[in-house]
K.L.:
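Below is one structure. I have some questions about it.
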Amino acid sequence: MIIDCDANATYSPDERIRGVISSCLEDLGNPSSLHRSGQRARAAIEEGRASVKSLIGAGDKDTVVFTSGATEANNTAIAAVADRTGPILSASTEHPCVLQPLKRLAARGRAVTFLSPNSDGMITPEALSAALTPDTSLVSIMAANNETGVINPIAAIAERVREFAPQSLIHTDAAQLLGKGHVSMKALGVDLLTVSAHKIGALSGTGALCIRDGVEIDPLLLGGPQESKLRGGTENVLGIAVFGAVSAMIMAQLAERCEIMKGARDLFEESIARAIPGAVVNGAHAPRLPNTSSVYIPGVRADDLIVAMDLERILISSGAACTSGKPEPSHVLKAMGQDEERTRSTVRVSFRADLPLDTVPGIVIALTNAVERMRQVVKKG
Ligand code: PLP
C-alpha cells in the first residue's frame, strides 16, 4: 500500500464521486445547447456552483466563475487591475501563479511591492499597513501557504485595506485553505477569492474565482458568453460537477476532517521532535493548516529523503509539489529568512483526512531510519 503524505492536492477516489463521474460521462452535453442533453449539463454546472458557493461562504449575489484552476483564477484577478495605475501589494511567499503575473506588471512599469513575512512565514497586518498607500489598487495575499501551511490574517488585512485604501481591490488565493479550514468570502471581507478543485480532492483542471457583488472585472479569456461573460470557453462540466460534489461532502464534514488531519499532524510533529535530533517545524508559532508539516531536518538533503521514503512507499515532498523538480531552493523559506542549507533540508509532509491515525508511527519510524542512515553516510564521508 502506498501512503500518500503529499496530499495537498490529491484526487480522493470516493464511491459518491465515482457515481457523479459515471453519470456525467453517460451524457456529457454542451451546457450552451438548448436540447435536453445540454440542459442536463447546465443543471450539473449550476448544482456545482451552488455547492462551491456554499463551501466558500459566498453571498447570494456574489458570482462564482469557474476556471481551469487556481492559476487562471489568480491571473484573472490580477488582470482585473492591469489597466489601473495605483500600486499593488502582495507577498514574497505567494504561489508563482501570483508572483509571475505581478512581476510582469512590474517589468512594464507598475509599482508592485512584495511584502516579506515574519520569521514564521506570516504576513502581518502591521507589515501591510506600513506599505499601504491611499492609491493602492490591489492587495493580493494568500489565505494559507502551500509549502508551510501558514495561515495569513486575511480578515484583519482586509480591514486595514478598507480603512486606508478604500478603492483598492482585495484578493486572496484560498486554494490551500479550502477544505482544511473555514473559508468565508463574507467573513474574510475580500472582493476576489481563488479556489482550486484538486486541492480538495476533486479533479485537477478546475477552479473558480469568486467575485463579490458590485465588483466589476474584465474577463481574462475572451471568446464566448459563458460564465456570465466573465470566462469564455465551453465549461468543464465533469470537473465542475465533481468539484461541486466534493464541496458538498466537505461542507458536511469540515470540522471532523480538520480534527482528523490535525490529530495526525500533531502526533507526527510530537514524535519527530523526540525521534529526530534537530528537527524543526517551519512556521511552528503561526496559525497553520491542520494537515501540513514543513520540517527542517539538519544534515540531510530533502531530495534524498523523498527518494528514501518513496522506497518505503511513503510519498512526501520538498517545498511545493507543483514546483518540486526544479532545482532552486524554496522561495517561501528564503523569504522567511532561512539560509540555503535549511531550505534544501526541508521536507513537507501533509496528511489526508482519510489517513488512519495508526499509520503515523510507521511514517515516523521510516523517516527516522532514513534520516539516521543519511546522517551516518555524511559522518563517514
Ligand atoms: N495557489 C496555491 C496556493 C497552490 O497551492 C496552487 C497549487 O498548485 C495553485 C495556486 C495553482 O493551482 P492550480 O493547479 O489549480 O492552477
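Remember, it's 1-based here, ligands and their atoms both numbered in the order they're listed. Computed from heavy atoms alone, side chains included, the values below leave out hydrogens, waters and symmetry copies.
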K.L.:
Mark up the atoms of ligand 1 that fall under 4.0 Å of a heavy atom belonging to G69, in ascending order.
P.N.:
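Ligand 1 atoms under the 4.0 Å threshold to G69: 15 (O), 16 (O).
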K.L.:
Under 4.0 angstrom from ligand 1, any heavy atom of H198?
P.N.:
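Per 4.0 Å heavy-atom rule, H198 contacts ligand 1.
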K.L.:
Mark up the atoms of ligand 1 that fall under 4.0 Å of a heavy atom belonging to D173, in ascending order.
P.N.:
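Those qualifying, in numeric order: 1 (N), 2 (C), 3 (C), 10 (C).
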K.L.:
Tell me whether T71 has any N or O atom under 3.5 angstrom from an N or O of ligand 1.
P.N.:
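For ligand 1, there is an N or O atom that lies under 3.5 Å from one belonging to T71.
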K.L.:
Polar contacts were defined as any N/O atom of the residue lying under 3.5 Å from an N/O atom of the ligand; does this apply to T206 and ligand 1?
P.N.:
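No: no nitrogen or oxygen of T206 is under 3.5 Å from one in ligand 1.
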K.L.:
Looking at M142, which atoms of ligand 1 are within less than 4.0 Å of one of its heavy atoms?
P.N.:
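Those qualifying, in numeric order: 3 (C).
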K.L.:
Does CD belonging to E126 count more than 12 external heavy atoms closer than 6.0 Å?
P.N.:
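For E126, atom CD is crowded (more than 12 foreign heavy atoms under 6.0 Å).
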K.L.:
Can you confirm whether more than 12 heavy atoms, excluding those of L34, are under 6.0 Å from its CG atom?
P.N.:
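Count not over threshold, so no.
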K.L.:
Check whether any heavy atom of C97 sits under 4.0 Å from an atom of ligand 1.
P.N.:
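Right, C97 reaches ligand 1.
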K.L.:
Under a heavy-atom criterion of less than 4.0 Å, does K199 contact ligand 1?
P.N.:
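Yes, K199 has heavy atoms under 4.0 Å from ligand 1.
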K.L.:
Could you go step by step and tell me if R352 and D4 meet the side-chain contact (heavy atoms from CB on, under 4.5 Å) rule?
P.N.:
CA-CA 8 Å; R352 303 164 63 116; D4 180 7; 3.1 Å; yes
K.L.:
Report, as yes or no, whether the 6.0 Å neighbourhood of atom CD on E269 holds more than 12 heavy atoms from other residues, nucleotides or ligands.
P.N.:
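Atom CD in E269 is crowded, with more than 12 foreign heavy atoms closer than 6.0 Å.
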K.L.:
Report the residue from E147, R288, Q338 that forms a side chain to side chain donor-acceptor pair (under 3.5 Å) with N282.
P.N.:
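Only match with N282 under side chain to side chain donor-acceptor pair (under 3.5 Å): Q338.
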K.L.:
If you count every heavy atom of other residues, nucleotides or ligands that lies below 6.0 Å from R104 atom CZ, does the total exceed 12?
P.N.:
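Atom CZ in R104 is not packed in, count stays at 12 or less.
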K.L.:
Considering only heavy atoms of S196, which atoms of ligand 1 have at least one such atom less than 4.0 Å away?
P.N.:
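By the 4.0 Å cutoff, the relevant atoms are 13 (P), 15 (O).
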K.L.:
For T76, which of T194, I217, T71 qualifies under side chain to side chain contact (heavy atoms under 4.5 Å, CB included)?
P.N.:
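Among T194, I217, T71, the one that satisfies the side chain to side chain contact (heavy atoms under 4.5 Å, CB included) with T76 is I217.
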